[in-house]
Amino acid sequence: MLEGVKRLDRNLLEEQRADYRVYVVEGSHYEIGRQTALQSESALSTGIVLTPEQRAYAEACRTLLSKVFPELIDEFSGYAETHGMREDDLLWHYTLGVTGGCSSVAVATKKGMITGRNYDFFYWENRRHLIFTRPDLGFAHIGMHDGLIGGRFDGLNEKGLFVSFNGAGEHPNPARVGLGFHLVVRYLLEKCETAIQAKDALMEIPLKEPKSYMVADNDHAFVVEAHPERRRYREMSDTGVLVMTNHYVHPDMSELAEAWPNSLRRYDKLQRSAGLLTASDSDTADLWRNLQSTLADHEAPLCGHDDGLATFWSCTAELRQKRIMYCLGAPCRNAFTEYFRFSM
């Protein structure tokens with residue numbers, strides 16, 4: 001028991017030291033890059049020195065981004081100029097990321113589709129910014145940013161599309177040239193109106209990392225299990241519940257990211273708890289509270305307090321009304337708040 005308390009205390013100190021911020025960026029993508037940079041005292045850096053092979057790979061990924069999502073190249077430019085850097089100083093943002101945890105769920109209730117998501121990672125990731133992005137070109141969206149330029153990790157756009165990603169096993173080596181997961185989430189939020197459009201895009205976009213993506217609107221929800229070798233998607237069944245943790249579930253994908261105990265426990269907990277909401281006559285506020293309570297679970301645990309599976313933020317969204325609430329910190333000890341709302 002004492003060991004568990006010490007672990008929670010350590011996690012609380014890490015949470016209190018983290019850089020949580022809430023702000024708005026808007027305008028051209030160059031201007032959005034500049035505004036994002038102004039919210040950071042320095043450009044995110046891990047001291048990475050790229051090998052010639054890593055540099056060539058990053059340059060190839062940047063070239064690909066310029067074709068698939070050229071607006072983000074402008075965002076990198078605005079960010080670099082604001083910090084007095086060369087754009088090549090930011091090349092490491094195009095290299096492979098690291099694997100992590102996370103849990104996501106979509107539930108078809110009598111009041112409409114609701115979604116929930118916990119983001120879990122290592123303590124050293126310090127920047128945790130909630131941003132309302134209003135681009136001149138693309139859909140406005142509310143979502144989380146961790147300092148990787150242009151990136152979003154989850155969020156909701158003005159059309160009512162919810163997007164999140166989860167880790168799914170180790171990266172293949174060598175890696176294929178493609179878009180990083182954080183840029184894929186941003187692409188979907190800005191470019192897609194519906195879950196079907198987002199699902200179709202995920203089946204086509206060049207991807208370099210094994211991840212799963214949840215996309216949902218008020219009518220549909222999908223999990224796209226994506227690996228450089230192949231992709232498949234799962235859609236919501238008659239149960240009205242769709243769950244995503246850190247293993248592939250589709251039979252054509254399971255060998256590429258096998259189930260492991262923690263991921264299975266979180267998957268099963270979300271299936272059981274969310275299933276109780278599908279037949280509920282409760283109003284939306286109560287449904288949200290019930291889902292938020294589930295995301296604070298320590299049994300599986302969904303709300304984690306161990307390095308690598310520590311929950312940094314949580315969110316729940318109500319897609320019919322295009323509303324999203326964020327909990328900035330572990331949901332077991334922080335409140336869910338509606339920081340922004342799209343004008344109706």
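This is a predicted model, so every value here is computed, not measured.
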S.K.: Donor-acceptor check, side chain of N118 to backbone of L302, threshold 3.5 angstrom: yes or no?
M.R.: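 At least one qualifying donor-acceptor pair exists.
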S.K.: Of F165, Y213, F312, Y326, which meets ring-ring contact (aromatic ring centres under 6.0 Å, His included) against F153?
M.R.: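 Exactly one pass, corresponding to F165.
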S.K.: Pair L50, W92 - check side chain to side chain contact (heavy atoms under 4.5 Å, CB included), show working.
M.R.: CA-CA 7 Å; L50 300 182; W92 73 268; 4.1 Å; yes
S.K.: Considering the options R127, E125, Q39, R128, which one meets the side-chain contact (heavy atoms from CB on, under 4.5 Å) requirement together with D19?
M.R.: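 That would be R127; it is the only one of R127, E125, Q39, R128 passing the side-chain contact (heavy atoms from CB on, under 4.5 Å) with D19.
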S.K.: Within the 4.5 Å heavy-atom criterion, are V107 and L287 side-chain neighbours or not?
M.R.: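 They are not in contact (no side-chain heavy atoms under 4.5 Å apart), so the answer is no.
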S.K.: Compare every heavy atom of Y57 with every heavy atom of K208, then report the nearest pair and how far apart it is.
M.R.: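 Looks like CD-OH, 3.0 Å.
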S.K.: Any side-chain heavy-atom pair from L291 and V105 closer than 4.5 angstrom?
M.R.: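 Yes; the side chains approach each other to less than 4.5 Å.
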S.K.: Mark yes or no: R34 above the aromatic ring of Y30, with NZ or CZ under 6.0 Å from the six-membered ring centre and no more than 45 degrees from the axis.
M.R.: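 Because its charged atom misses either the 6.0 Å distance or the 45° angle limit, R34 does not stack over Y30.
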S.K.: Look only at the side chain of E225 and the backbone of V249, and say whether a donor-acceptor pair between them is shorter than 3.5 Å.
M.R.: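 Yes; at least one donor-acceptor contact below 3.5 Å.
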S.K.: Can any side-chain N or O of H129 pair as donor or acceptor with the backbone N or O of I131 at less than 3.5 Å?
M.R.: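 Flag not set: sc H129 to bb I131 has no pair under 3.5 Å.
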S.K.: Give the C-alpha distance, both sets of side-chain angles, the deciding distance and a yes or no for ring-ring contact (aromatic ring centres under 6.0 Å, His included) between H305 and H298.
M.R.: CA-CA 9 Å; H305 295 271; H298 284 158; 4.9 Å; yes
S.K.: F181 ring centre to K211 NZ or CZ under 6.0 Å, with the angle to the axis within 45°?
M.R.: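 K211 over F181 ring: yes.
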S.K.: Are more than 12 heavy atoms, taken from residues, nucleotides or ligands other than E170, located less than 6.0 Å from that residue's CD atom?
M.R.: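 Atom CD in E170 is not packed in, count stays at 12 or less.
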S.K.: Looking only at the side chains, is there a donor atom on one of T95 and Q54 sitting less than 3.5 Å from an acceptor on the other?
M.R.: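 Side-chain D/A pair, T95 to Q54: absent.
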S.K.: Do any pairs count as a salt bridge (Lys or Arg N to Asp or Glu O under 4.0 Å) and have a residue in residues 238-263, sequence neighbours left out, and if so which ones?
M.R.: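 Found R230-E255, R232-D252.
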S.K.: Tell me, with the steps shown, if D281 and K110 meet salt bridge (charged side-chain N to carboxylate O under 4.0 Å, His left out).
M.R.: CA-CA 7 Å; D281 291 317; K110 293 181 178 181; 2.8 Å; yes
S.K.: Test: ring pair (Phe, Tyr, Trp, His ring centres under 6.0 Å). Region: residues 230-250. Which pairs qualify, not counting sequence neighbours?
M.R.: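 Checked against ring pair (Phe, Tyr, Trp, His ring centres under 6.0 Å) - neighbours excluded - the pairs reaching residues 230-250 are F222-Y233, H247-Y267.
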S.K.: With a sphere of 6.0 Å drawn around CD of E81, does it hold more than 12 non-hydrogen atoms of other residues, nucleotides or ligands?
M.R.: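 It does not: E81 CD has 12 such atoms or fewer within range.
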S.K.: Minimum heavy-atom separation for V223 and M214, please, with both atom names.
M.R.: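 Taking every non-hydrogen atom into account, CG2-CE, 3.8 Å.
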S.K.: To the nearest 0.5 angstrom, please state how far the CD atom of E31 sits from the OG1 atom of T82.
M.R.: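 So the CD of E31 and the OG1 of T82 are separated by 8.0 Å.
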S.K.: Using side-chain contact (heavy atoms from CB on, under 4.5 Å) as the criterion, list what pairs up with A317, not counting sequence neighbours.
M.R.: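 Expected list: T115, F162, L319, I324.
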S.K.: Between D286 and R289 (salt bridge meaning N to carboxylate O under 4.0 Å), is one present in this structure?
M.R.: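 Salt bridge: yes.
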